[in-house]
Amino acid sequence: MLEKNETNQNTAEDPLSIVSDPKNYVNREEMLSVDENPKEAQEEKKGNFSRRDLLRIGGLTAAAATLAGSAAASFATGRSDDAYTGYGRTYQGGDMFFNREPFRAEVPAMMPPIGKVERPDWTDFLFERTKDVVNLIKEKKWTPDMGVEKMPGAVGEYYRKHPKGYEAMLDQFERGVKRKEYWEKEAYKHYAIAGAYTSAYMHAMYNSNGSAVPEDPHDYYLKTGIPQPPEVWDYRGISKHKMEFKSPAHASKLIKRMAHQFGMSVVGITKFDPRFMFKNLMRGMPNKGHDSWGDKVPAHWKSIIVFGVPMNWDGTYSAVSYSTSFDAYFRSRCGAGLMENFIKALGYPARAEFPGSHYEIMMTPYVLLSGLGEYSRSGMAMIPELGCNFRPAAVITDIEFEYDKPINVKMAEFCKKCKICAETCPSGAIPFDDEPKTVVRGFKRWLLDEEKCYTQWVSGATIDGLGCRVCVGVCPYTRKNTWIHTISRELEPRDPSGLVATGLLAMQQNFFKYPSGEEFRSKWDGGKEAVYHNPPWWMRAEDFFSNVEKNWEYHGLD
């Protein structure tokens, strides 16, 4: 949404340790200490600008030139489906494709009819029968000691026709009771993680309130009229079996793995910092807590887990009218709900913070504090893997973690040179200042004009009037995960000269053209509804619907 208004200037003592495993890199000082000519090594160390510095800068300059020469090839690679960020080759599932065409048949295997085909009755569905029997017992209309002859309704008729099925049903109920006793007595320890993983999804699927995942405490308050302070809501549904982590490091390792298991692309964990928590706002309280909550901070809010996913790449590149944030909002929201359920199943309180506006906190500062990314000119957090194409969510808990440190990979430094997002902003909301110079709540930063930004939102040719995302699509860091993106991501933080950034920016400006900001506006608003890239094939309505007559031209990049 428009939460682009906070940052933190803390950086890691050793940012390289965050970006990559230091074991993968050779320490040149150690190499020189065992050089065959130690005198030469000592000479290299003298002065502020040594021969070693010259060689390094020369090498980096050559690398930048190589990148520029490879831009054309990488340009095509960067738009291919095979280059999407994700755990497989594509997040659409293209890497699981099997060519079925040579094997098409008229009738599925094992399905030629050999008699009259009859529709099934609901009683043929095991789980519907079980549910019906449970309801009969709950409503005190039947108990097992009454026998199958007195079982009412269609389910009774079914079991009288299938006496072996009735015996099996009674055995299933008995086994279910014994399983529960065994779980509560000892099995929950052995299978604690597996149980919590299952509970996370079961709660999402079978929420008794029928609400979205996760449920919002304020929505619950509106339904019931019962206030839900965090001391109540965050503990709701918590397991009585609290699992004790061996150490904060063990807690971090497990929770990060589970974030990926729940579909999140990146994850970081940091200490909860109340400086970035809204005052006078607490979901679940009357009037959403406005004015009635004050500046209190719940005592159990000790740690915050931050994670998220990218929006669809091709739609984002084709902004404004072809893009949306809701695909990523939905997935990050679901991830937050699953993580909240998982943590509660381990015996700890948890509260999900998720899009669109279900927050007590400002997300951007926590993205920075958890070491996921840096502050950008446009006011959004940008991360090395995804640039600004990142929609975060979070879960607050009292688990003691091994916290991640912030990073400094010179992304914000790059923003000082690059003004592409400001140049292409249809509303003129992004500042052109070389350095951040506006002080807001104690931090110096570029200040996004939120009113201008939102004016463009509600003016775009979209179904909902929510969002623009031009600044996301044109950002040089918002690139699919190609080899050239990987090289750039690794080289720039290690370049003391700044030449790599200069070379990359020159490549962006010369090889990746983009419309002016005014051209992105809607036609009714004096623009051309320009696109940065042409829309993907599956968004071209004229190719699918007979009542769509194409009276426009695509003028973006294919």
Side-chain angles (χ1 to χ4, degrees), residues 1-2 4 71 74-81 83-85 91 265 308-329 373 376-391 411 414-415 418-430 448 452-454 456-457 459-462 464 466-482 484-485 488 504-505 507-522 527-540 554-558:
M1 302 298 287
L2 285 177
K4 304 179 181 178
S74 66
F75 186 74
T77 305
R79 291 197 311 278
S80 73
D81 282 354
Y84 286 114
T85 296
Y91 68 56
S265 298
V309 296
M311 300 176 292
N312 174 266
W313 292 90
D314 287 337
T316 301
Y317 285 159
S318 303
V320 177
S321 301
Y322 292 100
S323 63
T324 183
S325 298
F326 282 107
D327 59 347
Y329 282 170
S376 74
R377 177 181 291 276
S378 65
M380 292 181 287
M382 54 182 177
I383 66 175
E385 298 88 347
L386 304 170
C388 292
N389 185 16
F390 177 61
R391 288 294 176 261
M411 298 178 76
F414 186 87
C415 276
C418 179
K419 297 181 174 71
I420 291 175
C421 64
E423 293 167 354
T424 55
C425 177
S427 64
I430 302 174
L448 177 80
K452 287 184 177 179
C453 179
Y454 191 64
Q456 166 59 30
W457 281 31
S459 303
T462 61
D464 51 17
L466 292 175
C468 169
R469 291 164 290 273
V470 168
C471 56
V472 178
V474 301
C475 176
Y477 274 101
T478 305
R479 289 292 175 269
K480 298 172 186 176
N481 202 24
T482 63
I484 194 169
H485 189 187
S488 304
L504 292 172
L505 184 56
M507 287 170 51
Q508 173 70 26
Q509 293 170 332
N510 287 281
F511 288 96
F512 296 85
K513 300 298 182 181
Y514 44 84
S516 66
E518 291 77 11
E519 291 177 315
F520 280 112
R521 294 177 182 171
S522 295
K528 298 180 179 179
E529 296 180 14
V531 292
Y532 176 44
H533 283 208
N534 287 339
W537 65 267
W538 49 273
M539 280 192 172
R540 304 189 187 196
Y554 296 120
H555 43 78
L557 301 171
D558 283 324

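It should be emphasised that the depicted structure is a prediction, and the values quoted were computed from it without experimental measurement. Atoms considered below: every heavy atom in the structure, side chains included; atoms not considered: hydrogens, waters and symmetry mates. Along the sequence shown, residues carry numbers from 1.
Ring geometry for Trp457 against Tyr454 counts as tilted: the plane angle lies between 30° and 60°, on a 0 to 90° scale. Between Tyr317 and Tyr532, the two ring planes are perpendicular [angle over 60°; tilted spans 30° to 60°].
If you take OG on Ser265 and CZ on Arg391, they are separated by 13.0 Å, rounding to the nearest 0.5 Å. A distance of 13.0 Å separates OG1 in Thr478 from CZ in Arg469, rounded to the nearest 0.5 Å. The CZ atom of Arg521 sits 8.5 Å away from atom OG of Ser459, with the distance rounded to the nearest 0.5 Å. A distance of 6.5 Å separates OG1 in Thr424 from CD1 in Ile430, rounded to the nearest 0.5 Å. Interatomic distance, OG of Ser378 versus CD1 of Ile420, reported as 12.5 Å (0.5 Å rounding). Separation of atoms CE (Met380) and SG (Cys475) is listed at 7.5 Å; rounding is to 0.5 Å.
Residues Thr324 and Asn312 fail the side-chain proximity criterion, which asks for heavy atoms closer than 4.5 Å. Side chains of Tyr322 and Asn534 form no contact here, defined as non-hydrogen atoms less than 4.5 Å apart. A heavy-atom distance below 4.5 Å is not found between the side chains of Met411 and Ser376. Phe520 has its side chain within reach of Pro515: a pair of non-hydrogen atoms, C-beta onward, lies under 4.5 Å apart. Counting heavy atoms from C-beta outward, Glu423 and Tyr514 have side chains that approach closer than 4.5 Å. Side-chain atoms of Gln456 and Val470, non-hydrogen and from C-beta on, never get closer than 4.5 Å to each other. Between Ser318 and Pro536, the closest side-chain pair of non-hydrogen atoms falls below 4.5 Å.
A 6.0 Å sphere centred on NZ of Lys528 holds no more than 12 heavy atoms belonging to other residues, nucleotides or ligands.
Closest approach of Ala461 to Ser321, counting heavy atoms only: O-OG, 3.0 Å. Scanning all heavy atoms of the two residues, the minimum distance from Cys468 to Ala319 falls at O-CB, 3.5 Å. Here the shortest heavy-atom pairing between Thr316 and Met311 reads OG1-CB, 3.7 Å. Minimum interatomic distance between Cys418 and Arg377 (heavy atoms only, all atoms of both residues): O-NE, 3.1 Å. Of all the heavy atoms in Cys415 and Met382, the pair that sits closest is SG-CE, 3.3 Å. For Ala429 against Lys452, the heavy-atom pair with the smallest separation is CB-CB, 3.9 Å.
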Subject >> Derivation of the side-chain contact (heavy atoms from CB on, under 4.5 Å) call for Trp537 and Asp314 >> reply: CA-CA 10 Å; Trp537 65 267; Asp314 287 337; over 6 Å; no
